[in-house]
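Please read the structure below before turning to the comments.
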Protein chains: 2
Amino acid sequence: MATRQDVAKLAGVSPTTVSRVLNNNGYVSQDVRKRVEEAIRELQFVPNRVARSLRTQKCGQIACITHGLKNTFYAEIVQGIEEVALENGYTYSIYSTSVENEKYINLILEGFYDGLIVLTSSEFNNLVDSKKIREVIPTCFYWDLGYETKLPNVAVNLKKAMKNTTNYLLDCGHKEIVYLGYPKEGIEGVKENPRFLGYVDALKAKGIEVSSDHFLFVSNWNDTLTAGYEKVRELLDRGVSFTAIAACNDLMAIGAIRALSERGIRVPEDVSVTGFDDVEIAKMITPALTTVSLPKKEIGHTLMKSLLRQMNGEKLEGKIQEYESELMERETVQKI
Amino acid sequence: MATRQDVAKLAGVSPTTVSRVLNNNGYVSQDVRKRVEEAIRELQFVPNRVARSLRTQKCGQIACITHGLKNTFYAEIVQGIEEVALENGYTYSIYSTSVENEKYINLILEGFYDGLIVLTSSEFNNLVDSKKIREVIPTCFYWDLGYETKLPNVAVNLKKAMKNTTNYLLDCGHKEIVYLGYPKEGIEGVKENPRFLGYVDALKAKGIEVSSDHFLFVSNWNDTLTAGYEKVRELLDRGVSFTAIAACNDLMAIGAIRALSERGIRVPEDVSVTGFDDVEIAKMITPALTTVSLPKKEIGHTLMKSLLRQMNGEKLEGKIQEYESELMERETVQKI
DNA sequence: ATGAAAGCGCTAACAC
DNA sequence: GTGTTAGCGCTTTCAT
């Protein structure tokens, strides 16, 4: 592997000059530049990023924390992040929240990353002291918790989104609506989840009783197809009466639909179901899932752009951008 | 951010000694070790990975090339990779094949990675000279092409898998089976795809005519829900007669089912459909998808383990492991 | 058992 | 315009 030294020797110039043409700063005469460029080509020289990082104290890499890519919701956000990262010469690593606390922190403190994007605020908050992390490394959060934070974040108005959805269900004549999704932790902390808040708000506004029989809570790290499936089976076993399910993500909704249809309950004829996220597959299943569309890629873009700004020295605080969502009326909801 | 120097000073020893306790080599007296450890704790010292990398010429990071995580098939393999990577102190970056040729190569040559895992052999092969890459960096491929290679790879017996699946369809009485999926490039190169080979083999073995009317080809980078959906719509528009569709991945199968049901064609009553990969959602849609199950996580594990071996100096060549698959009989196929 | 010193490949301040 | 030099934080001989 050729080094800058080798190039310098071959071109008959000093290493500094090579740097200059490489980084396009300082003055280099046409003639010399040409010779250097030729030498670079001949030796197939590629600058060593590790050495450069050590010198410049920035390594052109960011870390991104998710809780697994199996929910394509995250995969799509990550795609958005990747696009603007690469455009700006950054690479990124992905970590799943499943990794233990300490490993993370060290990985991050090791100086191998210039910035950090956290897609799973709640788990991350439980794991580490976010404020502390932020002091050592520029950080941007995708914030989906129910309270405000000073941490730089981009968010979606989830409360409003779920309120809309619930209202839609209500307008379709549903009164017994099951909520399937996130609490923060247990029933007490539950108020902190914006989606749940939206659900409760909508019900109350129409004078409908909010019954804990209709709460199907799932922890944040377990918002999967299987969880949706099993929660609804349990619900069915309990014999609770309901005519609709409002899920907190599409995967859980799809799991719910499966549980329903295995018991011979038809969607939407017998029970209506709504999802959340509008993952690509939502419109491809039959019946196509009525769900809430979020601008996933844009979220990724904004997350990365905000991080970039911070890495350039800007101080950012609190909500940087709040996106709106859109209810996609498809085939899993029916008027009764 | 504290450096090793600071620790040394605080502990009243030389920087070398600090290194020794950090890396657990050489002799350090109990007493000194304790002092150093205390200093480390007090200063919250974390060794700088960039500096270490520069010195040791290995950076504890690998790159992984996919064509996007939106197909959870790749996400699951990546999860497997992550598990053994982290276990062994490696971090990883993910790249989508959508990035242009040159950027890649440079990224990889920049010395920011100790190894490379390629999940999308075909695209990668088109993009770069795999053999050349391999000379500069240990590499391991997930190989799903129809010809053998000397490049270190882990594979699944895809030909056999698709042959099985086609036979299953045949045994169910289907004779007009549509193939939905990968050619290498155009019809001529088509023979190189193992799945296609398996499909043709099965048909021929039963003396059934192989008709190009039943080929629905999709390029490798376009094996999506939407592609499956649109290809099948086109097929329907052409008025070709068929009773089954064998798809090359679950996403395309799901897209196909959607196209079918939008036209009032029932699955499996009117047309049977099979998928490939057994992605988590396959069993959750209704009807549950009959598909081929591959050991995705294990593939990830083996990929990473093989890379580890190479990074430790071992020379690996050709097929390292070939996995078998399993047909999951569910609800999208019916006897006729 | 511990320390001194060289050097990984690069950049940037400073000289010429 | 171009070269010299110091140094980023660490590991690793080689002395002691």
Side-chain angles (χ1 to χ4, degrees), chain A residues 1-37 39-40 43-61 89 106-114 136-137, chain B residues 1-37 39-40 43-61 89 106-114 136-137:
Chain A
M1 196 103 291
T3 77
R4 200 197 39 159
Q5 280 280 1
D6 303 328
V7 176
K9 208 189 290 175
L10 183 61
V13 298
S14 79
T16 312
T17 306
V18 179
S19 275
R20 275 200 262 270
V21 351
L22 242 34
N23 302 323
N24 247 328
N25 62 6
Y27 305 92
V28 185
S29 69
Q30 276 307 317
D31 177 49
V32 171
R33 158 164 272 122
K34 218 171 191 166
R35 270 189 0 247
V36 171
E37 274 164 357
I40 289 177
L43 296 173
Q44 303 199 43
F45 168 73
V46 181
N48 182 306
R49 195 157 141 208
V50 176
R52 168 182 282 160
S53 299
L54 179 59
R55 181 63 238 236
T56 59
Q57 300 290 59
K58 44 191 79 206
C59 61
Q61 187 163 249
N106 274 2
L107 247 18
I108 289 160
L109 295 179
E110 271 173 341
F112 221 53
Y113 302 104
D114 297 333
V136 5
I137 187 172
Chain B
M1 195 104 293
T3 76
R4 200 197 39 156
Q5 281 279 1
D6 302 328
V7 176
K9 208 188 291 174
L10 182 61
V13 297
S14 79
T16 313
T17 307
V18 179
S19 275
R20 277 200 261 272
V21 350
L22 243 33
N23 302 323
N24 246 328
N25 62 6
Y27 305 93
V28 185
S29 70
Q30 276 306 317
D31 176 51
V32 170
R33 157 162 273 125
K34 217 169 191 169
R35 270 187 2 244
V36 171
E37 274 164 356
I40 289 176
L43 296 173
Q44 303 199 43
F45 167 74
V46 180
N48 182 304
R49 195 158 141 206
V50 175
R52 168 182 280 158
S53 299
L54 179 58
R55 182 62 237 240
T56 60
Q57 300 289 61
K58 44 190 77 207
C59 62
Q61 186 163 251
N106 274 1
L107 245 21
I108 288 160
L109 295 179
E110 270 173 341
F112 222 52
Y113 302 104
D114 297 333
V136 6
I137 187 171

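On a predicted model such as this, the values are computed, not experimentally measured, just so you know. Chain identifiers are assigned alphabetically (A, B, ...) following the order of the sequence lines, protein sequences preceding nucleic acid strands; residue numbering begins at 1 within each chain.
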Report task. Mind checking B/Val50 for me? I need base, sugar-phosphate or nothing, with any heavy atom below 4.0 Å counting as a touch. Result -> nothing

Query - B/Leu109 CG to C/dG9 P, straight-line distance once rounded to whole Å - result: 15 Å

Query raised in the report: Which nucleotide, D/dG3, D/dG9, C/dC10, lies nearest any side-chain atom of A/Arg55?
Result: C/dC10

Requested in this report: Ignoring backbone atoms, establish whether A/Ser29 has a side-chain N or O less than 4.0 Å from OP1 or OP2 of D/dT2.
Outcome: yes

**Report entry** Distance test, side-chain N/O of A/Ser14 to OP1/OP2 of D/dT4, below 4.0 Å
**Finding:** no

Requested in this report: Name the nucleic acid region contacted by B/Pro47, choosing base, sugar-phosphate or nothing; use a 4.0 angstrom heavy-atom cut-off, strictly under.
Outcome: sugar-phosphate

Requested in this report: Write down the distance between CG (B/Leu22) and C1' (D/dT12), rounded to a whole number of angstrom.
Outcome: 14 Å

Report summary line: B/Arg20 CZ to D/dC10 C1', in whole Å, measures 14 Å

Query raised in the report: Checking A/Arg20 side chain against A/Pro15 main chain: does a donor-acceptor pair fall under 3.5 Å?
Result: no

Query raised in the report: Counting distance only, does the side-chain N/O of A/Thr56 pair as donor-acceptor with the main-chain N or O of A/Arg52 below 3.5 Å?
Result: yes

Query raised in the report: Is there a donor N/O on one and an acceptor N/O on the other, under 3.5 Å, for the side chain of A/Ser19 and the base of C/dA12?
Result: no

Requested in this report: Figure out the NZ/P separation between A/Lys9 and C/dG9, and round it to whole Å.
Outcome: 13 Å

Report task. Taking B/Asp114 for its side chain and B/Lys58 for its backbone only, find out whether a donor-acceptor pair lies under 3.5 Å. Result -> no

Query raised in the report: Which one of A/Arg33, A/Lys34, A/Arg35 satisfies the salt bridge (charged side-chain N to carboxylate O under 4.0 Å, His left out) criterion with A/Asp31?
Result: A/Arg35

Query raised in the report: Touch check for B/Thr16, heavy atoms < 4.0 angstrom, all strands: base, sugar-phosphate only, or nothing?
Result: base

Query raised in the report: Quick one: A/Gln5 CD to C/dG9 C1', roughly how many Å, whole number?
Result: 9 Å

Report summary line: Whichever of A/Val32 and B/Asn25 has the more 5' nearest nucleotide on DNA chain D, that residue is A/Val32

Report task. Assign each of B/Gln57 and B/Arg33 to its nearest nucleotide of DNA chain C by heavy atoms, then name whichever residue's nucleotide is nearer the 5' end. Result -> B/Arg33

Query raised in the report: Given C/dA1, D/dC10, C/dG3, which nucleotide is nearest the side-chain atoms of B/Asn48?
Result: D/dC10

Query - Whole angstrom value for the distance that separates P of D/dG9 from CZ of A/Arg52 - result: 18 Å

Query raised in the report: For the side chain of B/Arg49 and the base of D/dG9, is some donor closer than 3.5 Å to an acceptor across the two?
Result: no

Query raised in the report: In whole angstroms, how far is the P atom of C/dA1 from the CG atom of B/Asp31?
Result: 13 Å

Report task. Send over the distance from A/Met1 CE to C/dC8 P, rounded to a whole Å. Result -> 16 Å

Report task. Choose from D/dG9, D/dT2, C/dA4 the nucleotide whose nearest atom is closest to any side-chain atom of B/Ala51. Result -> D/dG9

Requested in this report: Determine yes or no for a side-chain-to-main-chain donor-acceptor pair under 3.5 angstrom, with B/Asn23 supplying the side chain and B/Asn25 the backbone.
Outcome: no

